[in-house]
Amino acid sequence: EDIDELAERIGGEEVEGFGKSLEDFDQTAMNTFATFQFMIGNEDWRVPFMRNIKFVQQDGNDKLTPIPYDFDASGLVYAKYAKPDRDLKLQSVRQRAFMGDFKNKEDRAEMVALFNAKKDSIYGLIENFKVMNKVEKAKTIAYFDTFYEIINTPKLLKAAMPLRGRAAIPTDINGAL
């Protein structure tokens with residue numbers, strides 16, 4: 001979907017410009033964005049440089065909504081040509097490294113609840129995706145299983161998705177902790 005069409009569909013317009021900071025964004029939208037990127041194992045994005053991210057300002061909101069795109073470097077896609085993020089010292093694109101910043105436990109719990117509520121729909125999309133064969137579907141589900149294990153295990157969640165700017169512990173090369 002074209003970014004302008006998406007912006008119109010969600011009641012806003014695209015905003016361009018480098019140098020955005022996390023304070024420019026709707027916090028819930030940014031938490032959703034960062035958690036989604038963690039789920040799919042995508043670290044190929046940077047807010048200040050507009051790397052693989054678009055910005056939409058929705059009507060009546062002075063904060064921006066981040067829109068993710070370009071997932072070929074994600075662990076989910078696992079493209080043969082994709083390279084792991086050297087800045088994060090990753091060895092495989094299948095590793096996950098949380099790049100968000102939860103301000104408090106409540107914000108993180110809200111995202112866990114949101115993604116748990118969407119789990120059946122996400123898995124249903126995979127199961128019903130006709131282009132993927134059974135082996136690809138099983139690998140995709142196994143990769144997402146590691147995400148759901150992390151977010152539903154308090155010790156793993158705290159390590160992988162810490163609060164208030166603390167350094168996240170990257171997952172192993174299978175996306176698990």
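Note that this is a predicted model, so its numbers are computed, not measured.
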Take Glu1 and Arg9, measure what salt bridge (charged side-chain N to carboxylate O under 4.0 Å, His left out) needs, and give me the verdict at the end. CA-CA 10 Å; Glu1 180 175 29; Arg9 182 171 51 82; 2.8 Å; yes
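- No donor-acceptor pair under 3.5 Å is formed between the side chain of Asp24 and the backbone N or O of Lys20.
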Derivation and outcome, side chain to side chain donor-acceptor pair (under 3.5 Å), residues Tyr123 and Asp145
CA-CA 10 Å; Tyr123 280 49; Asp145 283 345; 2.6 Å; yes
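- Here Lys80 contributes atom NZ and Asp72 contributes atom CG; the two are 14.5 Å apart, rounded to the nearest 0.5 Å.
- Pairs of residues two or more places apart, or lying in two chains, that qualify as ring-ring contact (aromatic ring centres under 6.0 Å, His included) and include a residue from residues 40-59 are Phe25-Phe55, Phe33-Trp45.
- Checking Asn31 against Gln27 by side-chain atom types alone, a donor-acceptor pair falls below 3.5 Å.
- Between Asp85 and Glu43 the shortest heavy-atom distance is OD2-O, 3.4 Å.
- Aromatic ring pairs are classed by plane angle as parallel below 30°, tilted from 30° to 60° and perpendicular above 60°; the pair Phe147 and Phe115 is perpendicular.
- Put simply, CD1 on Ile3 and CD on Glu13 are 11.5 Å apart, with the number rounded to the nearest 0.5 Å.
- Using a 4.5 Å heavy-atom threshold, the side chains of Glu149 and Leu156 count as touching.
- Listed by first and then second residue, the salt bridge (Lys or Arg N to Asp or Glu O under 4.0 Å) pairs involving residues 93-107 are Asp101-Lys103 (not counting sequence neighbours).
- One distance of note links CG of Leu64 with CD1 of Ile53; it measures 9.0 Å at 0.5 Å rounding.
- Between the CG atom in Asp172 and the OG atom in Ser92 there is a gap of 9.0 Å [rounded to 0.5 Å].
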task = Using the side chain to side chain donor-acceptor pair (under 3.5 Å) rule, take Thr171 and Gln95 through it: C-alpha gap first, then chi angles, then the decisive distance, then the call.
result = CA-CA 5 Å; Thr171 67; Gln95 287 182 272; 5.3 Å; no
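- Scanning both residues, Ala176 and Thr146, for their nearest heavy atoms gives CB-CG2, 3.8 Å.
- Around atom CD1 of Ile173, no more than 12 heavy atoms belonging to other residues, nucleotides or ligands sit under 6.0 Å away.
- Expressed to the nearest 0.5 Å, how far CG of Leu163 lies from CE of Met161 amounts to 10.0 Å.
- Here the side chains of Phe98 and Leu157 are not in contact, with every heavy-atom distance at 4.5 Å or above.
- Looking at Ser74, its side chain does come within 3.5 Å of a backbone N or O of Phe71 through a donor-acceptor pair.
- Across all non-hydrogen atoms, the minimal contact from Ile150 to Ala160 is CG2-CB, 3.6 Å.
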